[in-house]
Chemist: 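I have a structure here, written as structure tokens, and I will follow up with some questions on it.
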2 protein chains.
Amino acid sequence: MDARERLIESTRELLWERGYVGTSPKAIQRRAGAGQGSMYHHFHGKPDLALAAITRSAEELRDRAEAAFTGPGGAAERVAAYLRRERDALKGCPVGRLTQDPDVMADPGLRRPVEETFAWLTGRLAGLLAQGRAAGELDARLDPAATAAALVAMVQGGYVLARAAGDPEAYARAVEGALALLTRTSERN
Amino acid sequence: MDARERLIESTRELLWERGYVGTSPKAIQRRAGAGQGSMYHHFHGKPDLALAAITRSAEELRDRAEAAFTGPGGAAERVAAYLRRERDALKGCPVGRLTQDPDVMADPGLRRPVEETFAWLTGRLAGLLAQGRAAGELDARLDPAATAAALVAMVQGGYVLARAAGDPEAYARAVEGALALLTRTSERN
DNA sequence: GTCTATAGGTCGATAGAC
DNA sequence: GTCTATCGACCTATAGAC
């Protein structure tokens, strides 16, 4: 792995752990094992490097979600698989946490990948829910878009609960609560 | 409002807007209209002042929630009233955002009020849901604790969606999706 | 490509005058 | 109580040698 690559990966880790405001170029360089000169040779500055890191994290989130969404089973099962997927709940969401970073949200370039990621995720999930509804797996009265928004929100908030409690189980509890809300009707039909 | 009070309120605002890492003593003093000497006379330092601010924000959250929980109507209606309560969705949750702050979570004293707030909120909501279930307002198959966790998570995640989209409507959509999931069964019985 | 040197600014805190 | 002066460390970035 060359220096440029190590710098991007180190930035991804630090943005995840400490956010944009809490991450200094010096800390990135230390973790990447690269000097000042190396970093400023490959990137224009902190925002430029952060953009590369955020873009990659957004792509990774999308790829992981898509893998669950195109997995085996019906639409409802694939939604459940996505929600139950193994996650490091105490670390939180590498993209969602950026919404709390004032300097990221104030920079249109840094903000765009965050905005697009959640728009895509919610839309993709809504499509799956609509599919599950058409197949009779889900309650026909549910609005796919609103339900998708609620589920994405529960995932993001599940991280908050896990971190607040210092216990990954808090995330699992929220997800199981959400799935029970979503699927109980089908068990009745 | 004396200097001490202005310092606490300014810190509350800045913690809300920029988080702990993004808030400097100098910025607090500027907003409070107080000097260095004044701040360090009333508080031992940044962590001490932050503790006063966080404690107050946690109390306020609790008071506001309790007001909705003890409002008119059945248990299910009071839960809905809490979720639909007017919120500045783009600003996010003043307590929940602290879970993303590494320096807050690393300090047991600063972390405790955050942890206790979410434990209280989830427990209080679970009690209300159990009450609604006993009254036949909610599906008897729902586990109150898991459902409460899902709802609290949905609120926290709703803020994330609103900030990501730059639109408070994203919060409202998630809430309506969650309420539809919660209450649709009762409409059938 | 990567190094060191340097810059002006801020961070969080302390000291002592008033 | 509040002010100013001062501190060592770190922040983000530029310059120029190698």
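First the proteins, then the strands, lettered A, B, ... as listed; each starts at 1. Keep in mind that what you see is a predicted model, and the values were worked out from it rather than measured.
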Chemist: Okay, side chain of A:Gln156, backbone of B:Val160: is any donor-acceptor separation there less than 3.5 Å?
Modeler: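 Side chain of A:Gln156 to backbone of B:Val160, a donor-acceptor pair under 3.5 Å: no, none is there.
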Chemist: Do NZ/NE/NH1/NH2 and the carboxylate oxygens of A:Arg31 and A:Glu9 come within less than 4.0 Å?
Modeler: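 Looking at A:Glu9 together with A:Arg31, the answer is no, because their closest N to O distance does not fall below 4.0 Å.
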Chemist: Is A:Glu5 salt-bridged to A:Arg56, going by a charged N under 4.0 Å from an acidic O?
Modeler: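 Yes, charged N to carboxylate O under 4.0 Å.
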Chemist: Which ones in residues 9-32 of chain B lie close to DNA chain D, meaning a heavy atom under 4.0 Å from one of its atoms?
Modeler: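 None, since no heavy atom is under 4.0 Å.
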Chemist: Got a donor-acceptor contact below 3.5 angstrom from the A:Asp101 side chain to the A:Val104 backbone?
Modeler: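 Pair absent, no side-chain N/O of A:Asp101 close to backbone of A:Val104.
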Chemist: Not counting sequence neighbours, list each pair that qualifies as a salt bridge (Lys or Arg N to Asp or Glu O under 4.0 Å) and has a residue in residues 153-180 of chain A.
Modeler: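 Qualifying pairs, neighbours excluded: A:Arg84-A:Glu176.
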Chemist: Check every nucleotide of DNA chain C for an atom under 4.0 Å from a heavy-atom of chain B, then give the first and the last such nucleotide from 5' to 3'.
Modeler: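 Going 5' to 3' along DNA chain C, contacts run C:dC11 to C:dT14.
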Chemist: Ignoring hydrogens and angles, tell me if any N or O in the side chain of B:Gln131 forms a donor-acceptor pair with the backbone of B:Ala75 under 3.5 Å.
Modeler: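 Not at all, since once roles are kept as given, no pair shorter than 3.5 Å links the two residues.
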Chemist: Tell me: CE of A:Met39 to C1' of D:dA13, nearest whole Å?
Modeler: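 Distance check: A:Met39 CE to D:dA13 C1' gives 9 Å.
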Chemist: Could you say whether A:Tyr40 or A:Gln36 is positioned toward the 5' end of DNA chain C, judged by the nucleotide with the nearest heavy atom to each?
Modeler: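 Its nearest nucleotide being more 5', the pick is A:Tyr40.
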Chemist: Is it the case that the side chains of A:Arg87 and A:Tyr159 hold a donor-acceptor pair, with the cut-off being a distance below 3.5 Å and no angle test?
Modeler: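 Yes, side-chain donor-acceptor contact under 3.5 Å.
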Chemist: Would the distance check show the side chain of A:Ser10 and the main-chain N or O of A:Leu7 forming a donor-acceptor pair, the cut-off being under 3.5 Å?
Modeler: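 No; zero donor-acceptor contacts below 3.5 Å.
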